[in-house]
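Step one of this worksheet: look at the structure below.
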2 protein chains.
Amino acid sequence: MTTNARKPESDILAAMHETVSGLHRIGLVDQATMRSFDVMCLTTVESLSPAEIRALREREQVSQPVFARYLNVRKDAVSKWERGEKRPDGPSLKLLNLVRAKGLKAIA
Amino acid sequence: MTTNARKPESDILAAMHETVSGLHRIGLVDQATMRSFDVMCLTTVESLSPAEIRALREREQVSQPVFARYLNVRKDAVSKWERGEKRPDGPSLKLLNLVRAKGLKAIA
DNA sequence: CTATTATGTAGCTCTTAGAGCTATAGAAAT
DNA sequence: ATTTCTATAGCTCTAAGAGCTACATAATAG
């Protein structure tokens with residue numbers, strides 16, 4: 001691997017994590033390795049444009065209020081994201097990335 | 001079902017959602033029903049105490065920096081949560097609830 | 001047709017989470 | 001002995017999100 005993979009296959013990642021933390025548990029992998037493994041496994045969180053956010057929500061066939069409840073934000077926030085008045089970042093951006101990658105069911 | 005279930009089985013929820021939105025797609029379920037179904041399905045997001053957050057992270061066997069990267073927040077934020085200096089809410093609380101219910105792999 | 005209900009936008013104010021930084025001390029590993 | 005990572009601590013500051021009211025539209029019900 002050179003830099004970071006584009007679309008990390010979360011299933012594979014999950015399985016790898018299971019495996020490696022198992023190895024860690026029985027002492028075959030030290031903490032340092034485990035740490036860097038964890039960091040290595042993290043998916044990149046990309047920022048989303050207003051249009052992408054709206055498209056994402058529409059793909060999931062839900063209204064702004066419902067979408068907002070999934071993400072545990074107020075409906076106003078979603079509206080503002082979609083109109084470019086506010087830019088989601090940090091935890092909210094992470095959730096949006098999760099929904100994009102795995103669908104709303106992943107965060108139900 | 002009376003009010004809201006304590007530990008909603010996300011697998012079942014996901015399957016139900018699949019089914020119902022399928023019914024919606026072919027016209028057997030109207031939008032109104034679909035809407036209330038969606039809202040009904042949402043899991044309750046509980047607030048977590050500093051101790052619970054720390055216990056959660058330790059259960060997942062990761063350091064504050066690594067935990068923070070999973071949630072897409074700075075390491076300082078996690079430290080402050082665990083010492084009660086800041087209280088996570090909204091999207092960050094949602095993520096913490098996700099981790100508690102499904103483990104770190106669910107948000108990888 | 002009218003009444004109702006839900007959506008999405010708009011315009012506000014306000015709190016505070018989280019960003020971003022530096023510095024420190026202890027533990028752990030080399 | 002020294003590097004490396006962790007966790008605290010103490011700051012400042014930006015802006016996300018909360019929380020509210022009001023309004024236009026569209027769809028639905030009655």
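Residue numbers start from 1 in every chain, and the chains themselves are labelled A, B, ... in the order their sequence lines are given, proteins ahead of strands. Please read these numbers as outputs of a predicted model, since none were measured by experiment.
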[X] (side chain) donor-acceptor with [Y] (main chain) under 3.5 angstrom:
X: A:K94; Y: B:V73; answer: no
X: B:R74; Y: B:A68; answer: no
X: B:N72; Y: A:D89; answer: no

When you measure from the side-chain N and O atoms of [X] to the phosphate of [N], is any distance below 4.0 Å, counting only OP1 and OP2?
X: A:S92; N: D:dA16; value: no
X: B:R87; N: C:dA17; value: no
X: B:S79; N: D:dT8; value: yes

Measure from the side-chain heavy atoms of [X] and tell me the nearest of [options].
X: B:R83; options: D:dT8, D:dA18, C:dA19; answer: D:dT8
X: B:R54; options: D:dA7, C:dG20, C:dT9; answer: D:dA7
X: A:P65; options: C:dG8, D:dC20, C:dG18; answer: C:dG8
X: B:W81; options: C:dG18, C:dT9, D:dG10; answer: C:dG18

(message) Categorize A:D89 for me: base, sugar-phosphate, or nothing, with a 4.0 angstrom heavy-atom threshold over every strand shown.
(response)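 Sugar-phosphate contact only.
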In whole Å, I'd like the distance from the [atom1] atom of [X] to the [atom2] atom of [N].
X: A:K75; N: D:dG19; atom1: NZ; atom2: P; answer: 13 Å
X: A:E82; N: C:dA10; atom1: CD; atom2: C1'; answer: 15 Å
X: B:N72; N: C:dG18; atom1: CG; atom2: C1'; answer: 11 Å
X: B:R69; N: D:dC5; atom1: CZ; atom2: P; answer: 13 Å
X: A:L71; N: D:dA18; atom1: CG; atom2: C1'; answer: 15 Å
X: A:L93; N: D:dA15; atom1: CG; atom2: P; answer: 16 Å
X: A:D76; N: D:dC23; atom1: CG; atom2: C1'; answer: 14 Å
X: A:K86; N: C:dA10; atom1: NZ; atom2: P; answer: 14 Å

(request) To the nearest 0.5 angstrom, please state how far the CZ atom of B:R57 sits from the CG atom of B:L104. (result)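 It is 11.0 Å, given to the nearest 0.5 Å.
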(message) For the OG atom of B:S49 and the CZ atom of B:R87, what is their distance to the nearest 0.5 Å?
(response)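 Here the interatomic distance stands at 7.0 Å.
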(message) For B:Q64 and A:R74, find the nucleotide of DNA chain D closest to each by heavy atoms; which residue's nucleotide sits nearer the 5' end?
(response)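 Comparing both residues, the 5'-ward one is B:Q64.
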(message) Quick check: on DNA chain D, is the nucleotide nearest B:K80 upstream (toward 5') of the one nearest B:R57, or the reverse? Name the residue that is more 5'.
(response)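 Result of the comparison: B:R57.
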